[in-house]
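Input: a single structure, listed below in structure tokens.
In the text below, chain A, chain B and the rest are named by the order of the sequence lines, each starting its count at 1.
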Protein chains: 2
Amino acid sequence: MRKTFLFMDTIYNKVDAKGRVSLPSDYRAIVKESSSEIVCYRSLSAPCIEGCLEDLLDKLASDMENSLDFFSETQDNLTNLIFGDAKRYPFDSTGRIMLSEKLLKHAQITDAAVFVGKGRKFQIWNPQNWEKEEARIRAEVLKNRPSLKPQAEGEK
Amino acid sequence: MRKTFLFMDTIYNKVDAKGRVSLPSDYRAIVKESSSEIVCYRSLSAPCIEGCLEDLLDKLASDMENSLDFFSETQDNLTNLIFGDAKRYPFDSTGRIMLSEKLLKHAQITDAAVFVGKGRKFQIWNPQNWEKEEARIRAEVLKNRPSLKPQAEGEK
DNA sequence: CTGTTATTTATGGTATAACATGGGATAATA
DNA sequence: TATTATCCCATGTTATACCATAAATAACAG
């Protein structure tokens with residue numbers, strides 16, 4: 001049973017001419033517990049790459065077969081898209097993965113990428129895009145939780 | 001099974017040029033039961049740093065892991081905000097952690113910090129800011145609960 | 001209660017290991 | 001054979017582990 005297994009933090013890394021990126025060392029530590037590869041796919045809801053351990057997709061698959069009624073047809077379709085798109089990305093001894101053209105294009109990533117922790121998953125963004133997205137999310141979350149708003153002045 | 005597991009008290013510690021701070025020994029005793037690291041993130045509601053054990057965030061992740069919400073936009077936002085900001089801070093044999101620039105800036109901490117217990121969590125404040133905040137909170141509590149006022153002095 | 005000693009904790013400084021990243025060599029593919 | 005992917009080594013940078021000293025706290029004897 002592993003102790004640490006949450007993808008966290010926001011890390012900026014360079015992408016070299018070959019499309020290689022260092023997977024943040026914290027992430028690697030998590031992955032290494034079970035294997036030496038992560039699973040990536042194009043996010044369905046945003047222009048970014050999503051990554052996770054294969055375990056998570058396995059759990060999704062199990063849940064799908066066990067409780068069919070639980071899911072709408074839309075969600076059923078969504079899982080099809082994910083599994084059709086997902087692919088394993090092994091990392092070498094220096095901890096780098098090589099992202100495919102398809103993924104890079106979808107996330108508009110060229111020479112740099114930002115890894116954003118999401119708990120059991122993480123996302124990989126174009127740095128500028130993530131900056132905007134983070135601002136958008138912050139605004140939206142605070143809007144939906146007015147109680148947080150007044151004190152939020154100290155931000156930034 | 002640990003005996004003590006509440007972060008309490010208010011402790012003042014120095015922050016050196018590298019951003020290192022000693023985690024109060026009481027806090028360390030709690031953390032050591034399970035690991036040798038804490039998780040910190042910028043408070044959403046105040047200009048301070050919040051800290052807790054990874055277990056607390058893990059529980060949050062588990063709740064969100066439910067496949068029903070695999071595609072939920074709200075949860076997407078929340079997980080980005082929380083896990084994207086949180087980070088593990090391990091402490092060495094002398095009990096120090098190294099706070100990131102991001103955290104220090106958010107809490108306006110330069111050369112000293114105050115640790116404030118909050119039960120399962122704790123906060124780290126700029127000393128002056130905490131002084132004001134404590135006064136503010138005290139005033140507010142008394143205002144909203146006038147019935148507490150008379151007895152508050154004679155407590156034991 | 002008082003002064004002294006013994007432990008623990010906080011803090012400053014330094015050496016070491018880990019990491020991100022560039023480049024090149026080797027292997028696989030088509 | 002040309003192209004692309006995988007592996008391995010080299011380097012500057014930065015965080016981490018470790019040691020040493022100072023301060024604070026607790027323990028104890030007079």
Spacing of [X] atom [atom1] relative to [N] atom [atom2], expressed in whole Å:
| X | N | atom1 | atom2 | value |
| --- | --- | --- | --- | --- |
| B/Phe115 | C/dA10 | CZ | C1' | 12 Å |
| B/Tyr27 | C/dA10 | OH | C1' | 16 Å |
| A/Phe91 | D/dC7 | CZ | P | 12 Å |
| B/Arg88 | D/dA15 | CZ | P | 17 Å |
| A/Lys87 | D/dA5 | NZ | C1' | 11 Å |
| B/Asp26 | D/dA24 | CG | C1' | 14 Å |

Could you tell me if A/Glu134 and B/Asn80 have a donor-acceptor pair between their side chains, going purely by distance under 3.5 Å?
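No, A/Glu134 and B/Asn80 have no side-chain donor paired with an acceptor closer than 3.5 Å.
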Report yes or no: do A/Arg120 and B/Thr79 form a side-chain donor-acceptor pair below 3.5 Å?
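No, no side-chain donor-acceptor contact under 3.5 Å.
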The side chain of [X] is closest to which nucleotide in this list: [options]?
| X | options | answer |
| --- | --- | --- |
| A/Thr94 | C/dC19, C/dT11, D/dC9 | D/dC9 |
| B/Arg20 | D/dC18, C/dT11, D/dC9 | D/dC18 |
| A/Asp16 | D/dA5, C/dA20, C/dG22 | C/dG22 |
| A/Met98 | C/dC19, D/dA5, C/dA10 | D/dA5 |

Are there over 12 heavy-atom neighbours, none belonging to A/Lys102, within less than 6.0 Å of that residue's NZ?
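Above 12, so yes.
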Does [X] have a side-chain nitrogen or oxygen under 4.0 Å from the phosphate oxygens OP1 or OP2 of [N]?
| X | N | answer |
| --- | --- | --- |
| A/Lys18 | D/dT6 | no |
| A/Ser93 | D/dC7 | no |
| A/Arg96 | C/dG23 | no |

Give a yes or no on whether a salt bridge exists between B/Glu133 and B/Arg136, defined as a side-chain N under 4.0 angstrom from a carboxylate O.
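Salt bridge present between B/Glu133 and B/Arg136.
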With sugar-phosphate meaning primed atoms plus P, OP1 and OP2, does [X] contact a base, only sugar-phosphate, or nothing at under 4.0 Å between heavy atoms?
| X | answer |
| --- | --- |
| B/Leu23 | sugar-phosphate |
| A/Pro24 | sugar-phosphate |
| A/Ser22 | base |

Is the A/Phe7 ring parallel, tilted or perpendicular to the A/Tyr27 ring (thresholds 30°, 60°)?
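Rings of A/Phe7 and A/Tyr27: perpendicular, over 60°.
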Residue closer to the 5' end of DNA chain C, A/Arg28 versus B/Arg28 (nearest nucleotide)
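On the 5' side of the pair lies B/Arg28.
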